[in-house]
Amino acid sequence: MSKPEFVYTTYIMAGPQEVWNALTDRAFTKRYWHGTEVRSDWQIGSTVDLADPAGNVATTGKVLACDPPRLLSYTWTVSFHEVFSCEGASKVTFELTPAGNATQLTVTHEGFPPDSIVLDAISGGWPSVISGLKTILETGVLEFPIGGEPGKDPYAEAIAWGIAERERRTKK
């Protein structure tokens with residue numbers, strides 16, 4: 001039996017280097033990732049922190065692979081609430097493939113425990129994040145992060161959902 005995983009593929013009308021820069025540049029990530037800043041020097045073994053708009057580390061990990069502008073992989077541990085962090089680390093991988101004038105971007109997120117609520121949460125989160133990245137690279141504009149509201153705590157709903165979902169699954 002295979003482990004549960006999430007795979008999302010899209011085509012972005014930008015070159016692989018542009019997409020790579022959008023995935024790895026701290027300031028750029030804030031524009032499409034709900035104000036989240038991705039912090040790393042992208043050396044294998046280095047820390048990857050995703051800091052929320054207030055500067056709090058929401059997710060942390062370690063760089064596993066970095067081959068610009070083709071492949072980026074790191075571990076992913078949610079740290080903003082124990083309802084998610086109790087699941088431990090998973091792994092996210094970005095594969096960038098030239099596709100004519102576009103780049104095929106495939107995001108694979110794997111390594112979840114059975115009945116993972118993190119898997120359920122990222123299954124809604126990644127499409128929003130990648131759609132925002134695509135929109136900015138193709139149009140230069142994103143009024144506010146897709147799926148988010150300016151001034152609203154980006155984690156409050158996720159935490160409430162996670163707690164309720166963990167309780168529901170525990171009662172099974």
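Not measured: the values here are computed from a predicted model.
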Got a donor-acceptor contact below 3.5 angstrom from the S131 side chain to the S128 backbone?
no
Any side-chain to backbone donor/acceptor pair from T29 onto T36? Under 3.5 Å, distance only.
yes
Any idea which heavy atoms bring [X] and [Y] closest together, and the distance?
X: A89; Y: T75; value: CB-CB, 4.4 Å
X: F84; Y: A121; value: CE2-CB, 4.3 Å
X: V63; Y: Y74; value: CA-CB, 3.9 Å
X: S46; Y: D41; value: OG-OD1, 2.6 Å
X: L133; Y: L105; value: CD2-CD2, 4.3 Å
X: W42; Y: C66; value: O-SG, 3.3 Å

Separation of [Y] [atom2] from [X] [atom1] (nearest 0.5 Å):
X: S116; Y: H109; atom1: OG; atom2: NE2; value: 8.5 Å
X: L119; Y: S90; atom1: CG; atom2: OG; value: 9.0 Å
X: E110; Y: S73; atom1: CD; atom2: OG; value: 7.5 Å
X: D49; Y: S79; atom1: CG; atom2: OG; value: 7.5 Å
X: T106; Y: Y8; atom1: OG1; atom2: OH; value: 11.0 Å
X: T170; Y: E165; atom1: OG1; atom2: CD; value: 9.5 Å

For residues 10-20, which side-chain N or O atoms pair as donor and acceptor with protein atoms under 3.5 Å away, sequence neighbours left out?
{"unit_1": "Y11", "atom_1": "OH", "unit_2": "Q104", "atom_2": "OE1", "d": "2.8"}
{"unit_1": "Q17", "atom_1": "NE2", "unit_2": "N21", "atom_2": "OD1", "d": "3.0"}
{"unit_1": "E18", "atom_1": "OE2", "unit_2": "G15", "atom_2": "N", "d": "3.0"}

Step by step, work out the side-chain contact (heavy atoms from CB on, under 4.5 Å) result for T108 and V92.
CA-CA 6 Å; T108 303; V92 63; over 6 Å; no
Tell me, please, which residues at least two apart from D120 pass salt bridge (Lys or Arg N to Asp or Glu O under 4.0 Å).
R169
With sequence neighbours left out, what residues match D67 under salt bridge (Lys or Arg N to Asp or Glu O under 4.0 Å)?
R70
Do L64 and L71 belong together in a cluster built from hydrophobic side chains that touch within less than 4.5 Å?
no
Do V129 and Y32 have side chains that get closer than 4.5 Å, going by heavy atoms?
yes
Check ion pair R166-E87 (N to O, under 4.0 angstrom):
yes
Are T135 and V141 close enough, and set up right, to give a side-chain contact (heavy atoms from CB on, under 4.5 Å), and what steps lead you there?
CA-CA 7 Å; T135 298; V141 178; 6.0 Å; no
From CA spacing to verdict: side-chain contact (heavy atoms from CB on, under 4.5 Å), T60, T47:
CA-CA 7 Å; T60 192; T47 300; 3.9 Å; yes
Please test L50 against R39 for side-chain contact (heavy atoms from CB on, under 4.5 Å), starting from the C-alpha separation and ending with a verdict.
CA-CA 6 Å; L50 282 73; R39 302 174 180 166; over 6 Å; no
Would F94 and W76 count as a ring pair (Phe, Tyr, Trp, His ring centres under 6.0 Å) here? Give the steps.
CA-CA 13 Å; F94 302 89; W76 174 284; 8.7 Å; no
Above 12 or not: heavy atoms from other molecules or residues under 6.0 Å from CG of N101?
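Count not over threshold, so no.
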